[in-house]
Trainee: 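Before I ask anything, here is the structure I am working with.
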2 protein chains.
Amino acid sequence: MSNQGQGCCAPLSEEPLAKEQAEEMATVFKALGDPVRLRLFSMIASGPSGEVCVCDLTPAFDLSQPTISHHLKLLRQAGLVDSERRGTWVYYRSRPETTDRMAALLASVSADRASAS
Amino acid sequence: MSNQGQGCCAPLSEEPLAKEQAEEMATVFKALGDPVRLRLFSMIASGPSGEVCVCDLTPAFDLSQPTISHHLKLLRQAGLVDSERRGTWVYYRSRPETTDRMAALLASVSADRASAS
DNA sequence: ACACAACATAGACAAACGTCTATACAACCT
DNA sequence: AGGTTGTATAGACGTTTGTCTATGTTGTGT
């Protein structure tokens with residue numbers, strides 16, 4: 001099914017991303033791979049006070065409240081945001097560690113690309 | 001359904017990511033939101049010569065050749081990679097512009113976060 | 001011209017996803 | 001205590017996604 005070792009091109013040195021690490025990172029990318037979640041995350045991450053109340057997120061979309069809640073849950077499970085209840089309301093804030101990891105991965109790609117030229 | 005204007009918290013200044021821009025960027029994130037595609041992209045982006053032959057990508061997975069081809073198509077449609085046929089073989093290379101845009105977006109999130117503290 | 005190899009496309013199908021309604025839980029306020 | 005509001009969970013349902021097999025397309029070599 002392939003011609004490895006027949007001179008097509010140099011064999012890959014090594015997969016730069018191991019299977020397990022790819023699985024983990026893909027979860028994070030997938031979480032941002034939906035327009036609603038991306039906007040939600042964007043609103044949370046750029047909240048003026050570093051956090052945003054769910055009561056301000058929900059009415060910003062033409063979607064039901066449970067749907068927004070579901071999307072927030074996925075963002076939380078991906079490690080992109082954290083939530084805290086204060087009294088009646090729940091506040092979400094971003095977790096820059098996760099964002100930074102993604103940015104670093106993308107930057108390393110560009111770096112590899114640059115060093116190869 | 002909400003208490004906007006009742007003192008829950010400051011209303012959002014503005015969605016930092018417009019609907020259309022979110023839609024567009026989400027497509028790119030979604031493309032990397034699958035473990036197989038993320039590994040494919042990683043292999044392509046870190047290819048020693050800046051490009052990788054499909055014939056080296058396909059046997060690296062326990063998946064059928066059409067499945068790999070399909071994933072490569074999605075990466076291409078997302079603007080993450082480009083393909084070129086040379087003779088019998090097809091070579092894929094990454095498009096750093098797209099990667100850089102994603103990194104910039106993630107970095108701006110961190111920046112907003114830092115300036116808010 | 002013909003056979004063969006690399007890659008892409010088409011169609012089918014189960015699994016995952018995004019959305020909804022209904023309901024539960026938690027906190028506030030008379 | 002009881003009613004009301006904010007948020008989460010449960011279950012249902014149509015759509016999208018990831019995978020496969022079968023086939024088409026493009027280039028090579030004899």
Side-chain angles (χ1 to χ4, degrees), chain A residues 1-9 22-23 26-41 44 51-78 81-93, chain B residues 1-9 11 19 22-23 26-41 44 51-78 81-93:
Chain A
M1 202 205 265
S2 103
N3 69 341
Q4 271 192 317
Q6 293 181 23
C8 148
C9 36
E23 210 109 18
T27 302
V28 186
F29 279 111
K30 189 190 294 188
L32 294 182
D34 177 271
V36 173
R37 283 196 296 270
L38 186 54
R39 286 176 67 201
L40 277 171
F41 178 71
I44 293 169
E51 58 184 13
V52 177
C53 177
V54 174
C55 63
D56 276 332
L57 295 173
T58 304
F61 297 84
D62 280 342
L63 292 170
S64 71
Q65 174 266 317
T67 296
I68 300 298
S69 188
H70 173 243
H71 284 308
L72 289 173
K73 184 184 191 176
L74 291 188
L75 288 174
R76 216 181 325 126
Q77 289 176 336
V81 300
D82 236 352
S83 67
E84 180 193 356
R85 169 160 230 139
R86 278 207 305 279
T88 303
W89 295 293
V90 175
Y91 295 84
Y92 277 73
R93 81 179 75 69
Chain B
M1 200 208 270
S2 100
N3 70 339
Q4 271 193 316
Q6 292 181 24
C8 148
C9 36
K19 205 170 189 173
E23 210 110 18
T27 302
V28 186
F29 280 112
K30 189 191 294 187
L32 294 182
D34 177 272
V36 174
R37 283 195 297 271
L38 186 53
R39 285 176 67 201
L40 277 171
F41 177 70
I44 293 169
E51 56 184 14
V52 177
C53 178
V54 174
C55 64
D56 277 332
L57 295 172
T58 304
F61 297 84
D62 280 341
L63 292 170
S64 71
Q65 174 267 319
T67 296
I68 299 298
S69 189
H70 172 243
H71 284 308
L72 289 173
K73 184 183 191 177
L74 291 188
L75 288 175
R76 216 180 327 125
Q77 290 177 334
V81 299
D82 237 352
S83 68
E84 181 193 355
R85 168 161 230 139
R86 279 207 303 280
T88 303
W89 296 293
V90 176
Y91 296 85
Y92 277 74
R93 83 179 73 66

Trainee: Rounded to whole Å, how long is the line connecting atom CD of B:E51 with atom C1' of C:dC7?
Mentor: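 Between C1' of C:dC7 and CD of B:E51: 16 Å.
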Trainee: Could you tell me how far apart B:W89 (CH2) and C:dC4 (C1') are, to the nearest whole angstrom?
Mentor: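 Atom-to-atom, B:W89 to C:dC4, this comes out as 13 Å.
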Trainee: Just how far, in rounded Å, is P of C:dT9 from CG of B:L72?
Mentor: 11 Å
Trainee: Return no unless some side-chain N or O of A:T67 is found under 4.0 Å from OP1 or OP2 of C:dG18.
Mentor: no
Trainee: Can you tell me how far C1' of D:dT25 sits from NZ of B:K73, to the nearest Å?
Mentor: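 Roughly 14 Å, once rounded to whole Å.
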Trainee: Can you tell which of C:dC20, C:dC7, D:dT19 lies closest to the side chain of B:L63?
Mentor: D:dT19
Trainee: Just compare D:dT7, C:dC7, D:dG18 and give me whichever is closest to any side-chain atom of A:V54.
Mentor: D:dT7
Trainee: Look at A:S64 and C:dT19 and indicate whether a side-chain polar atom (N or O) is within less than 4.0 Å of OP1 or OP2.
Mentor: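 For C:dT19, neither OP1 nor OP2 has a side-chain N or O of A:S64 closer than 4.0 Å.
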Trainee: Check B:A31 against B:L75 and note the closest heavy-atom contact, atom names and distance.
Mentor: O-CD2, 4.0 Å
Trainee: Give the minimum heavy-atom separation between B:E23 and A:P35, together with the two atoms involved.
Mentor: OE2-CG, 4.0 Å
Trainee: Under 4.0 Å, counting only non-hydrogen atoms across every strand here, what does A:F61 touch: a base, just sugar-phosphate, or nothing?
Mentor: nothing
Trainee: Would you mind telling me which of D:dT7, D:dT19, C:dC7 lies closest to the side-chain atoms of A:V90?
Mentor: D:dT7
Trainee: Send over the distance from A:D34 CG to C:dA16 P, rounded to a whole Å.
Mentor: 18 Å
Trainee: Consider the side chain of B:L74, meaning its heavy atoms from C-beta on, and name the nucleotide among D:dT9, C:dA8, D:dG18 that approaches it most closely.
Mentor: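 Closest nucleotide among those given: D:dG18.
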Trainee: Can a side chain N or O of A:Y91 be found less than 4.0 Å away from OP1 or OP2 on D:dG6?
Mentor: no
Trainee: Of the options D:dG18, D:dC20, D:dA8, whose atoms approach the side-chain atoms of A:R76 most closely?
Mentor: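 Within the option list, the nearest is D:dA8.
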Trainee: Checking side chain to side chain contact (heavy atoms under 4.5 Å, CB included) for the pair B:V54/B:Y91: CA distance, chi angles, key distance, verdict?
Mentor: CA-CA 6 Å; B:V54 174; B:Y91 296 85; over 6 Å; no
Trainee: Indicate the atoms forming the closest heavy-atom contact of B:I44 with B:Y92, along with that distance.
Mentor: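 Heavy atoms only, the tightest pair is CG2-O, 3.6 Å.
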Trainee: Considering the options A:R37, A:R39, A:R76, which one meets the side-chain hydrogen bond (donor to acceptor under 3.5 Å, both in side chains) requirement together with A:H71?
Mentor: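 Testing A:H71 for a side-chain hydrogen bond (donor to acceptor under 3.5 Å, both in side chains) against A:R37, A:R39, A:R76 leaves exactly one candidate, A:R37.
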Trainee: What's the closest nucleotide to the side chain of B:Q65 if the choices are C:dA8, D:dG18, D:dT19?
Mentor: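 Selected nucleotide (nearest to the side chain): C:dA8.
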Trainee: The side chain of B:K30 lies closest to which of these nucleotides: C:dT19, D:dC20, D:dT17?
Mentor: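 The answer is D:dT17, which lies nearest to the side chain.
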Trainee: Closest-nucleotide mapping onto DNA chain D: is A:P66 or A:T88 further toward the 5' terminus? I mean the 5' end.
Mentor: A:T88
Trainee: Nearest whole Å is fine: how far is C:dC17 P from A:F29 CZ?
Mentor: 17 Å
Trainee: Rounding to a whole Å, what distance do you find between A:Y92:OH and D:dT7:C1'?
Mentor: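 To the nearest whole Å, that distance equals 8 Å.
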Trainee: What nucleotide among D:dA8, C:dT19, D:dG18 has an atom nearest to a side-chain atom of A:H70?
Mentor: C:dT19
Trainee: Of the nucleotides D:dA8, C:dT9, D:dT19, which has the atom closest to the B:V36 side chain?
Mentor: D:dT19
Trainee: Assign A:R37 to base, sugar-phosphate, or nothing according to its heavy-atom contacts below 4.0 angstrom with the strands shown.
Mentor: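 Sugar-phosphate: the residue A:R37, judged by heavy atoms under 4.0 Å, touches backbone atoms but no base.
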Trainee: Would you say that B:V52 contacts B:L40 through its side chain, given a criterion of any heavy-atom pair below 4.5 Å between the two side chains?
Mentor: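 No - every pair of side-chain heavy atoms lies 4.5 Å or more apart.
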Trainee: In whole angstroms, how far is the P atom of D:dA8 from the CZ atom of A:R85?
Mentor: 7 Å
Trainee: Give the nucleotide from the list C:dT19, C:dC7, D:dT19 with an atom nearest to the side chain of B:H71.
Mentor: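 Per side-chain heavy atoms of B:H71, the pick is D:dT19.
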